[in-house]
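Every chain is numbered from 1 and lettered A, B, ... according to where its sequence line falls, protein lines coming before strand lines.
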There are 2 protein chains.
Amino acid sequence: MNRQQKKQDEKVSRNTRSTKLKLLKAATKEFADKGLNGARVDGIASRAGVNKQLLYYYFGDKEKLFVAVLEAAYVKLRKKEKELHLEDMNPWQAIETLVGFTFDYIAHNRQFVALLNDENIHHAQHIKRSKTIKGLHSKLLELLSEVLKRGAKEGLFRKNVDPIEFYISLASLCYFFFSNNHTLSAIFARNLTGAAQKEARRKHIFEFITAYLKI
Amino acid sequence: MNRQQKKQDEKVSRNTRSTKLKLLKAATKEFADKGLNGARVDGIASRAGVNKQLLYYYFGDKEKLFVAVLEAAYVKLRKKEKELHLEDMNPWQAIETLVGFTFDYIAHNRQFVALLNDENIHHAQHIKRSKTIKGLHSKLLELLSEVLKRGAKEGLFRKNVDPIEFYISLASLCYFFFSNNHTLSAIFARNLTGAAQKEARRKHIFEFITAYLKI
DNA sequence: TTTATTTCTAACTGTTTAGTTGATAAAATA
DNA sequence: TATTTTATCAACTAAACAGTTAGAAATAAA
């Protein structure tokens with residue numbers, strides 16, 4: 001049995017790609033769960049079911065693994081963004097798609113939210129150092145900019161909307177509900193974790209953004 | 001020289017209140033800076049300029065000190081909220097005051113934002129356990145609820161606005177810009193830390209919220 | 001003034017933790 | 001088949017760290 005066949009069988013005990021992937025997935029969970037400082041190297045290794053030393057063999061150290069986790073998370077996001085094709089839609093369609101995508105992506109990728117939260121505590125020092133992440137410049141802002149202009153020209157949208165301010169507002173409205181869900185639930189003494197609350201939030205955000213854009 | 005005189009002189013080397021306060025201030029900085037897991041007990045003690053053991057003497061352990069820090073932060077916030085007196089204002093005035101207060105409070109209390117971020121990573125477990133914080137129920141939501149109803153009745157505001165959704169949106173718009181400032185700056189390759197950017201953000205939030213509320 | 005209590009200090013301890021070493025087994029190459 | 005390279009493991013290490021101890025000094029109470 002040669003190597004190629006073994007790969008297909010996925011029964012290999014020795015395989016760089018699968019070991020790295022197992023570590024990356026385990027690390028994503030551990031870092032999202034406990035933050036960079038709270039995460040344990042032994043915890044990551046045992047979650048991945050591999051020897052701890054392989055973490056050092058493949059990633060160097062804990063912090064470099066954290067950077068690799070962030071990079072993988074951004075690669076995933078940018079890939080999804082590319083599939084939106086806002087440029088082919090009419091302005092209202094494009095905004096609706098963008099808002100829905102942003103909300104749903106955050107809702108389904110809570111680990112990403114947790115990682116970003118932690119990265120902000122560390123003043124984004126890892127993202128700032130990562131050429132990979134900087135290289136993945138999102139085209140979303142350019143696309144949004146074009147959509148806002150088109151909408152304004154067609155008399156559908158408010159004029160002179162700053163795309164960065166608008167995008168930050170959109171991200172805020174979607175992100176905060178999830179990132180701060182636990183403290184919000186505690187302070188309001190109300191359960192905000194349910195599906196109904198999530199759907200209500202989604203609807204409210206659409207209303208909020210629509211009200212701002214429409215003339 | 002008796003104890004009372006010494007207190008007035010503020011030259012006492014032995015004083016429960018001042019030692020606890022020094023520790024609390026130092027811990028607030030350290031926790032905001034490095035998170036619960038990143039913070040060092042020795043770091044807090046040396047920042048405070050007191051012996052490490054006093055931290056255990058007065059607060060029990062690191063985690064109880066963290067709870068005390070959160071409690072002090074909430075006490076401070078609730079105190080400021082009380083001074084708003086939204087009930088005496090007309091609906092638009094009240095909303096303007098609330099938005100301005102929320103933005104400015106967050107802008108001037110970045111440590112609070114950092115602490116909340118970290119507490120969310122820990123699933124709000126400390127806030128949930130704290131009777132002090134739960135006891136400090138904010139009247140803001142009741143006041144906001146009343147303002148929204150009054151505004152709707154007077155034909156100024158959109159009808160049937162859910163006060164919790166609205167409050168979460170307001171908090172989102174103010175909070176996210178500061179909590180995620182570092183990653184936003186890195187991703188957009190733009191400096192969002194300056195005073196001009198902050199002022200632009202403040203203005204945008206007013207426009208956004210006004211657009212939603214007005215009929 | 002003596003005794004008890006409170007506040008504070010320096011040195012210590014046991015554990016946890018990131019990271020290392022050195023050897024071994026599997027796979028690829030010659 | 002022999003040799004080199006790659007992947008994996010168990011055991012170890014040094015440092016960092018939260019928390020403790022035992023007692024001293026200041027203050028208050030008796």
Of the listed C:dT9, D:dC9, C:dG19, the closest approach to the A:Lys52 side chain comes from C:dG19
Proximity to the side chain of A:Tyr56 - top-ranked nucleotide from D:dT20, C:dT7, C:dA18: C:dA18
For C:dA10, does the base pair up with any side-chain atom of B:Asn51 as donor and acceptor (N or O, under 3.5 Å, distance only)? yes
What I want to check is whether the side chains of A:Glu71 and A:Ser130 have a donor and an acceptor closer together than 3.5 Å. yes
For B:Asn37 and C:dT16, what is the distance between atoms CG and P respectively, to the nearest whole Å? 15 Å
Rounded interatomic separation in angstrom, taking NZ from A:Lys34 and P from C:dA18: 10 Å
Please state how far atom CZ in A:Phe66 lies from atom P in C:dG19, giving the value in whole angstrom units. 14 Å
Report the distance from atom OH of A:Tyr57 to atom P of D:dA7, rounded to the nearest whole Å. 4 Å
Does one side chain, of B:Glu119 or A:Thr183, offer a donor that lies under 3.5 Å from an acceptor on the other? no
Quick one: which of D:dC17, D:dC9, C:dA18 gets closest to the side chain of B:Arg40? D:dC17
The nucleotide from D:dA18, C:dA18, D:dA7 with an atom nearest the side chain of B:Lys62 is D:dA18
Need one value for B:Ala45: base, sugar-phosphate or nothing, where a base atom within 4.0 Å counts as base even if backbone is also close, heavy atoms only. nothing
A:Leu54 CG - D:dT6 C1' separation (whole Å): 11 Å
Nearest whole Å is fine: how far is D:dT6 P from A:Lys20 NZ? 14 Å
Basic-acidic side-chain contact under 4.0 Å: A:Arg78, A:Glu81: yes
Does A:Tyr58 make a side-chain N or O approach to OP1 or OP2 of D:dT6 shorter than 4.0 Å? no
OP1 or OP2 of D:dA7 sitting under 4.0 Å from any side-chain N/O of A:Thr19? no
Which nucleotide in the list D:dG19, C:dC8, D:dA18 gets nearest to the side chain of B:Asp61? D:dG19
Using a strict threshold of under 4.0 Å (side-chain N to carboxylate O), is an ion pair present between A:Arg129 and A:Glu63? yes
Rounded to the Å, how far apart are A:Asp42 CG and C:dT20 P? 14 Å
Regarding A:Phe59, tell me which of base, sugar-phosphate or nothing describes its non-hydrogen contacts under 4.0 Å with the strands shown. nothing
Note: for A:Gly49 and B:Gly60 on DNA chain D, the residue whose nearest nucleotide lies more 5' is A:Gly49
Salt-bridge present (A:Asp118, A:Lys34; N to O < 4.0 Å): no
When the nearest nucleotide of DNA chain C is assigned to B:Val50 and to A:Leu36 on a heavy-atom basis, which residue is associated with the more 5' position? B:Val50
Just the rounded figure in Å: distance from P of D:dG19 to CD of B:Gln53. 12 Å
